[in-house]
Chemist: 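Here it is: the structure, laid out below.
Every number for a ligand or one of its atoms is a count from 1 in the order of the listing. Residue numbers run from 1 in the order of the sequence given.
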Amino acid sequence: MYRQPVLKNRRTLLERAEKFISDVYFTDCNLRGRLYGDSCPLESLASFLSSKRIPFTEAAKQNFAPHKVGDTFGPTWWTCWFKVSLKIPESWRGKEVHLLWESDGEAMVWRDGQPVQGLTKEGEKTSYILSECLKDEEPHSITLYVEVACNGLFGAGQGSMIAAPDPNRKFSVQKAQLVVFNRDVQEVLTDFEMLVDIVKELGEGEQRGYQALFTVNEMVNLCDPSDPRSFSKARSLAHSFFSQRNGESQHTAHAMGHCHIDSAWLWPYEETIRKCGRSWVTVIRLMEKNPEFVFTCSQAQQFQWVQSWYPGLFSQIQDYVKKGRFIPVGGTWVEMDGNLPSGESMVRQFLEGQRFFNHEFGIVCKEFWLPDTFGYSAQLPQIMQGSGVSNFLTQKLSWNLVNTFPHNTFFWEGLDGSKVLTHFPPGNSYEMKGKVEDLVKTVKNNKDKGRANHSAVLFGFGDGGGGPTQLMLDRLERVQDTDGLPKVQASTPDKLFSQLRADSALLCTWTGELFLELHNGTYTTQAQIKRGNRRCETLLHDIEIAGSLALCRDGTFQYPAEQLQKLWRLLLLNQFHDVIPGSCIEMVVEDALRYYEGTVISSGPEGLYLFSQLRDLYLYGYLFQPCTPSNHSNHSFSVFTFQTTTAHVMLCGIICSAALVRVPSIGLLCVSFQADGSVLMENGILKMVINKDGTLASLHLINANREAISNGCHGNQFVMFDDVPLYWDAWDVMDYHLQTRKPVLEVVQPIHVVSSGGLRSSVSFTLRISDKSTIKQEIVMDAMCPYIKFNTEVQWAESHKFLKVEFPVRVRSPNATYEIQFGHLQRPTHRNTSWDWARFEVWGHKWADLSEHNFGVALLNDCKYGYSVHENTMTLSLLRAPKAPDANADMGTHHFTYAIMPHAGSFQEASVIQSAYNLNFPLRSIQCSPNTIPWSAFSVSSAAIILETIKQAEDRKRALVLRLYESHGSSVTTTLCTTLPVREAWHCDLLERHDPTQPAHMTSEGITLTFSPFQIVSLLLIL
Ligand SMILES: [Zn+2]
């Protein structure tokens, strides 16, 4: 029986127990103070400092100099290798012996040339176990190497976590010694900790909390820290508490080890490779000791890094994958941003990820795993379903600043109606610690009580890696079925989702995008990364089409599959959820731009070189645009199945010809100065008046006789805002920035004509933003072109400012339309409810449109993603100037183009979608013989269908994969005509797996295809 407390005081009992296990107070006499027994110094410690991240074999050959504990080393991002010689005293026979290593740098222990253990103080890993129970025959003299990275788990922010890294930080090893570890003390401590936490978390309203309180008080009575024989009595009391079971209806927590490793964020890509090594080798050690332990691990790229840098570790991982305990999840190449990558990029995330997992482990992931990104495209459910994935796990919407998302477990229905079973762990974290608090939150926060009785608990240090600890496993092991807490079982995503699906009758459905009401600055921050992404998406698209057609024209052509895979993987890597959003440090930006510019765009071996090789050797041109003059040997080609017009074709940097296609009469351009200094431009479609300061006084759609610019307002108005968020600098733009709007009015050089007449006219002007920043813009009107282009150059040296451009238009509509992956969606232009006004800054891809019946205006862009349309003002977000985590974010020169397109009818009828493609995918000029015959490889009979992708099939040489989608939001039957020698045509999924019972319907006209709104269709064509 328990001894009665002397007084009826909950607080003293609780604090008594807390002090008994405190690592701060009374450690001279409490239980915590007994955790370690004897200690002994190392035989010797020596170090070698390297500015580079070198492999072990190279490090081991270096000269190591004696090193004292406490000596500092650095600077940031360097590596200090330690050679550790130790001798375990023989008198420690039967004891558990640890190397205790405390350092502020992340460390990896190497033994016999192999990585064996990650150590990081922040991740609560400071022990490398040398022996669990020392025997005489075990080696007592051991030499180890410890590789210490000069960065912490979260990099090296100067003053705060997300501040730019301190380049001169010094690091040290504060403790390096041998210790006897008293496992029995640890076990009682864990019992105590769990009970104390139960008392605190269940609070005074729960009977069960008091039972825990009296149990833990009696344990203090029974437990004498100086006498280990007393521990068993305390432990058995704890055990009887923990083993009082729940009723059958209790919620089940599916505990899965996890380690969220950002592929780059506050540290560069190269360090991530080591973070994976350190974290995952530690997971393997835990698996060896804990047979129930299951670990979930996403991002094929990280597996591939470990495969090439730590092959021994990778094969251990392969073994545990086979056992079903180390579980690759997610199916994507990286955990990408959920908003900005193009539709095809998202498909490739799954294609590369699933193929890697299948190749290395023989598995196809059934769940998409994206706990930490800044919103989720409404096309993701269809892309998931097409990639063999029908379950989705995330939790980031718990970060919403305004509205609480109403579900944790629900069906998410995408743009086309595809549904995926979706789970947000109610603990609202992807890095729980297996504590009572995590379990209580998991039950309490569940917004689908009564509908879903299973939840995920992801435990393990994350973001910068680290992963689970033995202590977390010990905590969870104690409370597998303890009355008052949810049931806890070691589980897998598959088990969790199977349970949820089995009992899903009451689940609700959420339709459309999952918009994160936070981090909306990430659509704009780091403009060069966004531009690089768009350009590379375009370039890879064109190379694949060029390569595919070359393949069809010349049987000996070797499609550059390997090079393309390499390029795609780099592009996909840069789409990681802290890189393309621009929320990373400067080093990562440099890496990302190098991947874009160096490898792809400039003269790298796989970049344009590849493209020029293709066109020189194999491309005879297709969908020909006959050039003028007609005897010219250059031809331009289009990569789209719709009609394309262009006014200029560039070749070798020289404007050599102008071409218009299938336009019966070439419209002439008029440019004339008005008496007030404004300029009137007209091309037969549009008539525009540009003020001296470059703003549009008028933009008239001639045939419809409609003015696009709102009465008394100016279009193309640059505006500046103060942009000071609450904390997350690179991430957030807050609602209140809208109150600081200031038009950019100072004219440096007023409008003047750059070129006039012929097929292109343009005017230019320069504005001053501040004494440090200017805007120079060329406004371009092309003959027969339905939109006006604004080629813009900004010198940008601001601090916490936001530059946008506004078009107040003469359109009234409660909704604006934004392009997303393989489609578009509407968002409100009013601020009625909190769900409406929380979307004051939104994302879109190549275009946004505001239409009323029969008339509208579209705003197109070639590398921007941030938009807002409030009432009748359409705004494109151009540049930000945050200072953390990159102190130099967006400083310098920027080039970008946007375009304004008034139109009659709907945007679908007016070909806004095609115009946005034209702006982003300019015609490419190729050289060929003058007598080359125009040729079209593919055409589609419906304007609603976009043929987005043509590539060689992954697994077969003489086969193409085509990806088409319905872009209008309509049900359509269409014919895909081709002049290629197609022998067979099959429907296939996004992983290019075809169903032998699903041949495509081929007729003499072509392939008949049926689409529902926004449906993506993939075809496998056998040549
Ligand atoms: Zn993350």
Chemist: Please indicate how many protein N/O/S atoms are found closer than 2.8 Å to the Zn ion (ligand 1), with waters neither displayed nor included.
Modeler: 4
Chemist: Which pairs with one or both residues in residues 519-529 pass salt bridge (charged side-chain N to carboxylate O under 4.0 Å, His left out), sequence neighbours excluded?
Modeler: none
Chemist: By ring pair (Phe, Tyr, Trp, His ring centres under 6.0 Å), which residues pair with Phe840, not counting sequence neighbours?
Modeler: none
Chemist: Could you list the residues that satisfy ring pair (Phe, Tyr, Trp, His ring centres under 6.0 Å) with Phe392, not counting sequence neighbours?
Modeler: Phe368, Tyr376, Trp412
Chemist: Are Phe802 and His737 an aromatic pair by the rule of ring centers under 6.0 Å?
Modeler: yes
Chemist: At what distance, to the nearest 0.5 angstrom, does CH2 of Trp333 lie from CD of Gln301?
Modeler: 5.0 Å
Chemist: Against the six-membered ring of Tyr595, is Arg569 placed for a cation-pi contact (under 6.0 Å from the centre, within 45° of the normal)?
Modeler: no
